[in-house]
Amino acid sequence: MKLEKVEPIVARFLGLDPLDMARHFYPATGDHLQQIVDIRQEIISRSADDDSAYLKWRYNFSSNQSDDVLTTNRVWIFIKDEVILGFLGVEAAELVINNTTVKALKVMDLVVKPELDGKGLGVWMNLRLQQMGRPVIALGSNSNSLGIVSKIFQRMPNQKVYKSILNSFHYFRSKTDNKVIAHCVAPIYDASIFLLLSARLSAQLIFSVKTQVGIRKLARFDVADDPILLQMNNGHIRFKRDHKSLNWRLFQNPRDVVEVQGLHENGNLVGYVALAFRSRNMNNQITRQVFILDWGLLPDGKYSAFLKTALMKIQSSLKKQGIESISAFSYDDRSNRIFRQSGLRHRDDDTKTVSIFSNNPATLEKLKCADQWFLTGADTDYA
């Protein structure tokens with residue numbers, strides 16, 4: 001799908017000159033924030049104050065825009081007569097491809113006003129963004145955006161979802177819609193999970209006795225950690241991680257309570273696991289679920305055993321705390337194998353799409369190598 005074909009159609013519907021369309025599409029400032037929140041209130045279940053805090057964390061709403069408006073995370077709005085008709089969240093990202101850093105864009109939070117749904121504005125905004133000269137990555141989709149990303153991006157294999165039920169009463173109650181059955185089945189399941197976790201952990205500790213992992217909670221990442229962080233998951237196409245990006249993504253999100261466990265060998269950081277603690281739903285604020293938001297490992301193969309040991313210990317601890325489940329997104333074979341061997345099971349989820357675009361054929365060919373990618377939940381707008 002080409003911009004030059006879509007633009008006249010969308011412009012005609014909006015009553016605009018096709019040559020004037022680009023002038024209506026630019027990064028939002030603080031003056032536009034309330035309009036954006038009001039529009040989002042029609043489609044999300046969170047309060048306006050909560051959503052405003054989230055948007056301020058994720059995006060820059062400064063009116064002092066540099067010549068290159070793609071250097072910071074922005075909400076790009078399409079506006080006519082001071083009314084926002086649609087908007088697109090754009091994260092300025094850095095991709096590491098074969099140890100070379102490439103500036104890229106991640107798109108998320110695509111919204112158009114209901115009366116414009118299906119009229120092509122969402123397609124136009126994405127196509128316009130693709131003309132700005134950087135690779136564009138779209139991670140995840142819903143029923144409204146799936147059609148768009150399928151038409152104007154190169155679709156890749158979906159991310160995988162792995163999950164383990166640790167305390168099962170709610171799970172069986174929701175599946176059977178019967179409290180009595182859940183009370184009968186859950187204790188048996190929970191006891192078997194405890195025994196299985198204990199057996200897996202004992203076997204893993206015996207297997208890796210020569211390379212015992214030290215696990216220590218991290219309050220923050222430091223600039224001194226950057227050389228190690230930049231080596232982690234080496235050999236993959238991945239979004240760059242350093243202390244600034246990780247501290248922002250993991251610790252500053254107003255919606256998340258995140259705990260990061262550092263994996264150490266002889267006192268040296270060799271990996272980490274970031275856990276996001278969440279309630280089951282908006283009406284129950286008690287922590288019930290944990291999402292493995294991010295992880296990193298040095299490329300030496302022995303550190304896979306470190307991560308498996310850490311994940312088993314984490315699951316055992318969470319189970320004792322009454323946490324109902326632990327889950328993660330995964331994209332590479334090593335992570336898939338680690339999650340399976342740690343007791344998490346693959347679950348189908350068609351919303352975890354991966355879509356790419358580059359107007360540079362050589363870059364696009366590299367990005368199309370799905371078996372080279374490393375992605376986690378921290379790379380998406382999972383929030």
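Atoms considered below: every heavy atom in the structure, side chains included; atoms not considered: hydrogens, waters and symmetry mates.
The aromatic rings of F221 and Y272 stand perpendicular to each other, their planes meeting at an angle above 60°, with 30° marking the opposite boundary.
In summary, the aromatic rings of F277 and F291 are positioned with their centroids too far apart to meet the 6.0 Å limit.
Contact check for L166 versus S325: no side-chain heavy atoms found under the 4.5 Å cut-off. F239 has its side chain out of reach of S245: every pair of non-hydrogen atoms, C-beta onward, lies at least 4.5 Å apart.
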Acceptor/donor pairs from residues 133-141 side chains to any protein atom, 3.5 angstrom cut, sequence neighbours excluded:
unit_1: R134; atom_1: NH1; unit_2: L70; atom_2: O; d: 3.1
unit_1: R134; atom_1: NH2; unit_2: D68; atom_2: OD2; d: 2.9
unit_1: S141; atom_1: OG; unit_2: T353; atom_2: OG1; d: 3.2

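Using a 4.0 Å cut-off between charged nitrogen and carboxylate oxygen, D256 and R278 count as a salt-bridge pair. Salt bridge D379/R241: present, at least one basic N to carboxylate O contact under 4.0 Å. Looking at K160 and D349, no side-chain N of the basic residue comes within less than 4.0 Å of a carboxylate O on the acidic one, giving no salt bridge.
Legend: residues meeting side chain to side chain donor-acceptor pair (under 3.5 Å) with H346, ordered by chain and number and at least two apart, are absent. Scored by the side-chain contact (heavy atoms from CB on, under 4.5 Å) test, A22 finds R128 as partners (sequence neighbours excluded). Listed by chain and residue number, S168, F169, F172, D190 satisfy the side-chain contact (heavy atoms from CB on, under 4.5 Å) test with A186 (two or more places apart in sequence, or in another chain). Partners of D109 according to the salt bridge (Lys or Arg N to Asp or Glu O under 4.0 Å) rule, which considers only residues two or more places apart in sequence or in another chain, are R40.
Residue pairs meeting the ring pair (Phe, Tyr, Trp, His ring centres under 6.0 Å) criterion with at least one member in residues 93-132, sequence neighbours excluded: F25-W124, F78-W124.
For the 3.5 Å distance criterion, the side chains of S150 and R155 qualify, holding a donor opposite an acceptor.
A continuous path of hydrophobic side-chain contacts links I314 to I338 [ILVMFWY only; heavy atoms under 4.5 Å].
In this structure, R255 is positioned above the aromatic face of Y54, its NZ or CZ under 6.0 Å from the six-membered ring centre and within 45° of the axis.
Taking CD of E259 as the start and CD of Q261 as the end, the distance is 4.5 Å to the nearest 0.5 Å.
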